[in-house]
Structure formats: C-alpha cells, structure tokens
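Computed from a predicted structure; not experimentally measured. Each chain gets a letter, A, B and so on, in the order the sequences are listed, and its residues count up from 1. As a basis for the values below, the full set of heavy atoms in this structure was taken, side chains included, without hydrogen atoms, waters or symmetry mates.
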There are 2 protein chains.
Amino acid sequence: MRVSQPLSPLTAHLGYWMRLVSNHVSHGFARKLADRDVTVAEWVVLRQLYDEDALAPSRLAERLGMTRGAITKLADRLTAKALLMRTDHPDDGRAQTLALTKQGRRLVPTLAVLADENDAAFFGHFTPDERSRIEQFLKAIVDRHGLTDVPVS
Amino acid sequence: MRVSQPLSPLTAHLGYWMRLVSNHVSHGFARKLADRDVTVAEWVVLRQLYDEDALAPSRLAERLGMTRGAITKLADRLTAKALLMRTDHPDDGRAQTLALTKQGRRLVPTLAVLADENDAAFFGHFTPDERSRIEQFLKAIVDRHGLTDVPVS
DNA sequence: CCTCGTTTGTTGACTAGGAAACTAGATCAT
DNA sequence: ATGATCTAGTTTCCTAGTCAACAAACGAGG
C-alpha cells in the first residue's frame, strides 16, 4: 500500500505564474521578430549597440549574462546578415569592437515598434497605476538580488 | 551625419523586468535541482506524474506545451535514471503510459522542498498581501490570454 | 628583455529543444 | 474486408546555447 502525501501544487508558487507569463511574452515577441528574421538574443544585441555605438564582445557577454562563446556565434550570425561589423582594436591585438552597420542601425527602430506592441499586448490593459505597481514589485526583487544582466532568453 | 532618434529603452517594458526576474528564478531553481541531477523540465514531469499517477506521452506534451519528440527524449532520460517507467497500452498497440517508479515517487517530495525554498528566496520577503496581489496580476494576464500550458523552460 | 600569468576571442564537444518526416497501429467509410 | 485517413510515438536534422580547451597577444616582475 502506497500512501503519498499531497504536496503543494506547482501553481502554489509565484515563480510558476511568472514563468508562465514570461515565457508567453517572450515567445510572442520571438514570433514577431521571426518575421524579420531576428531572434530575441539578436534583438537585444542590436538594441544594446544602438545606444552604445561600439562595444567589445566580452563587455557584451557580461552585459547579457552569456558566455563569450555565445557572443562569438551571435556576432557571426549578425555579421552574416550584414547588421553588425567587427573591427579589430588598433592598439590591442586581441580585442575587437562590435558596431552596427548602417542597415543594422536602420532596422532597430522598426523592431522597437514590435517590442512596444508586444508589451502592450500583454500589459496594456492594466492601468498606469497598476503597471507601475507591477514594475515596483519586479524592481524590488531585482534590487534585493542584485540582478544586473540583460535577460536574453 | 547620422542622427539616430532615441528609442524607449529596453527597460521601459514590463516584459523586460519580468523576463529578468523569471530567468533568475528559473536558473536559481535549476541550480538547486542540478545538485540532484534533475532539470527543470524533468522536475515538471515528475511533479505532474506524482499527481496523475499515469499519463500518456502525448497528454504530457499538450500539458507542458512541448512537442511529442521532446517528451520522447525527456522520458528516455528519466527512464535511464530509473525515475520513470513506460508501459505499453494493453489494448492500443501505439499507446504508452508513463508513470513514476518507486524511486521517482520517493524523489518528488524532496525536490518539492527545493521548489518551495526557491520561491521563498525570491518572493518570501513580500507580505502575504503583496504576494496575492502579484498573483492576481499574473493570473489576470493568464486568463486574458488563455494560457494553459505548464511552463517548463 | 623574458617569462609567467592573464585576457581576448574562437573552437569543438555536448545538451535540450523544435519541425517535420516516418513507422506502426487504429478507425472509419464504403 | 480493405483502402484511406488519422493518431501515437520515434527519429533525424537543425538551432542556440554552455563548458572547457585553446592560441594569440598583452602586461608585470625579476
């Protein structure tokens, strides 16, 4: 005879609901980006370089919480699409610097529209007050745990 | 001369903060599970079968929003670890049914403790009132978009 | 100098999943 | 009965990451 004690259900955890919603927000965005042949990780890199203008791969890796190996491959893909350029550092023979191409720079604003739309689709029905409360909750966790990387997946 | 209009920052989106927090909650949990040689997806399957007792792979796939191919491989891994058993359906030659082994069943409660701890680590500092408000927000989105799958990644 | 340790980016082996083709078995319509 | 269609699970190929080993270049101490 087996008696299994009942456990608190998966749904008892806030993490469960967060992950559920977050996954759908991300996948929704990923689907929109896919029309433009861009992944979420690629979008984050593009958006980052739009502001930064030029950045070393290793800095980018820290920023996004990814390995340098992943950045190498990401950069490969983006240069293959002619959205990004590698330049060797003039003084340091090891280092490179990544920057958007003209096309890359031109693409970012249109993708930003998709990002705005996606966020609105999921959070737009909340009042501004509710939205800022949610943001407070989330930022409280971010602060408390010292989370700094830009989420990519 | 290039004039690039400033865009709303990544951080303007609630989706950004959700993904940041959610990723860390998941990865935190994944790290705890890794000590027991279990992945998050495996945990979800184990937990699901703990309640269900037996389930067809295809039902599981629907439940978790994964492909049947992924379930095949997941089940392979779990049977290799002797946590799960496949049984052929007596009447239907195509069908199987998945169930936990004794060891699998024994493992789930200890993993459930990890899940509880992880959730507490990230959300425990909120008051019960705040927590239920967060849950309301999240469930509102879930309802509005009809999200039903158990999030795995 | 020159050597030792460090940093930079790349590579190869591996993992977990998706998409779609595939096999085998069931069901259904004649 | 039997051919067509559908369903269940598997397999193959692909993608996008990690991890760890690596080569090249730098920098600091003797």
Under the criterion salt bridge (Lys or Arg N to Asp or Glu O under 4.0 Å), which of A:Arg63, A:Arg59, A:Arg105, A:Arg47 is the partner of A:Glu52?
A:Arg63
Provide a list of protein-nucleic acid N or O atom pairs under 3.5 angstrom, restricted to nucleotides 22-24 of chain D.
none

Nearest whole Å is fine: how far is [N] [atom2] from [X] [atom1]?
| X | N | atom1 | atom2 | answer |
| --- | --- | --- | --- | --- |
| A:Arg77 | D:dT15 | CZ | C1' | 8 Å |
| B:Leu98 | D:dG9 | CG | P | 8 Å |
| A:Leu55 | C:dT8 | CG | P | 12 Å |
| A:Asp37 | D:dC14 | CG | P | 17 Å |
| B:Leu60 | D:dT10 | CG | P | 12 Å |
| B:Met66 | D:dA8 | CE | C1' | 17 Å |
| B:Leu74 | C:dA16 | CG | P | 9 Å |
| A:Lys73 | D:dA16 | NZ | P | 11 Å |

B:Lys81 vs B:Asp76, salt bridge (Lys or Arg N to Asp or Glu O under 4.0 Å): CA-CA, chis, key distance, verdict
CA-CA 9 Å; B:Lys81 295 181 195 169; B:Asp76 286 348; over 6 Å; no
Can you label the angle between the B:His145 ring and the A:His125 ring as parallel, tilted or perpendicular, going by 30° and 60°?
tilted
Give the ring-plane orientation class for B:Phe137 versus A:Phe137, where under 30° counts as parallel, over 60° as perpendicular and anything between as tilted.
tilted
Kindly determine whether B:Val40 and B:Ser26 satisfy side-chain contact (heavy atoms from CB on, under 4.5 Å), including the steps that lead there.
CA-CA 8 Å; B:Val40 175; B:Ser26 275; 5.6 Å; no
Which comes earlier along DNA chain C counting from the 5' end, the contact point of A:Asp92 or that of A:Gly69, where each point is its nearest nucleotide?
A:Asp92
Quick check: closest heavy atoms across A:Leu138 and B:Val21, and the distance to 0.1 Å?
O-CG2, 3.8 Å
Side chain of A:Gln96 only, please: which of C:dG9, D:dA16, D:dT12 is the nearest?
C:dG9
Would you mind telling me which of C:dG17, C:dG9, D:dG9 lies closest to the side-chain atoms of B:Pro57?
D:dG9
Is there a donor in the side chain of B:His13 and an acceptor in the side chain of A:Asn118, or the other way round, less than 3.5 Å apart?
no
Quick test of your reading of the model: are B:Arg133 and B:Asp129 salt-bridged, counting only N-O distances below 4.0 Å?
yes
Does B:Ser58 make a side-chain N or O approach to OP1 or OP2 of D:dG9 shorter than 4.0 Å?
yes
Would you tell me if any nitrogen or oxygen in the side chain of A:Thr67 comes within less than 4.0 Å of OP1 or OP2 on D:dC19?
no
Contact list please: residues 82-91 of chain A against DNA chain C, heavy atoms, distance less than 4.0 Å, in numerical order.
A:Arg86
Within 45° cone and under 6.0 Å: A:Arg131 NZ/CZ vs A:Phe123 ring
no
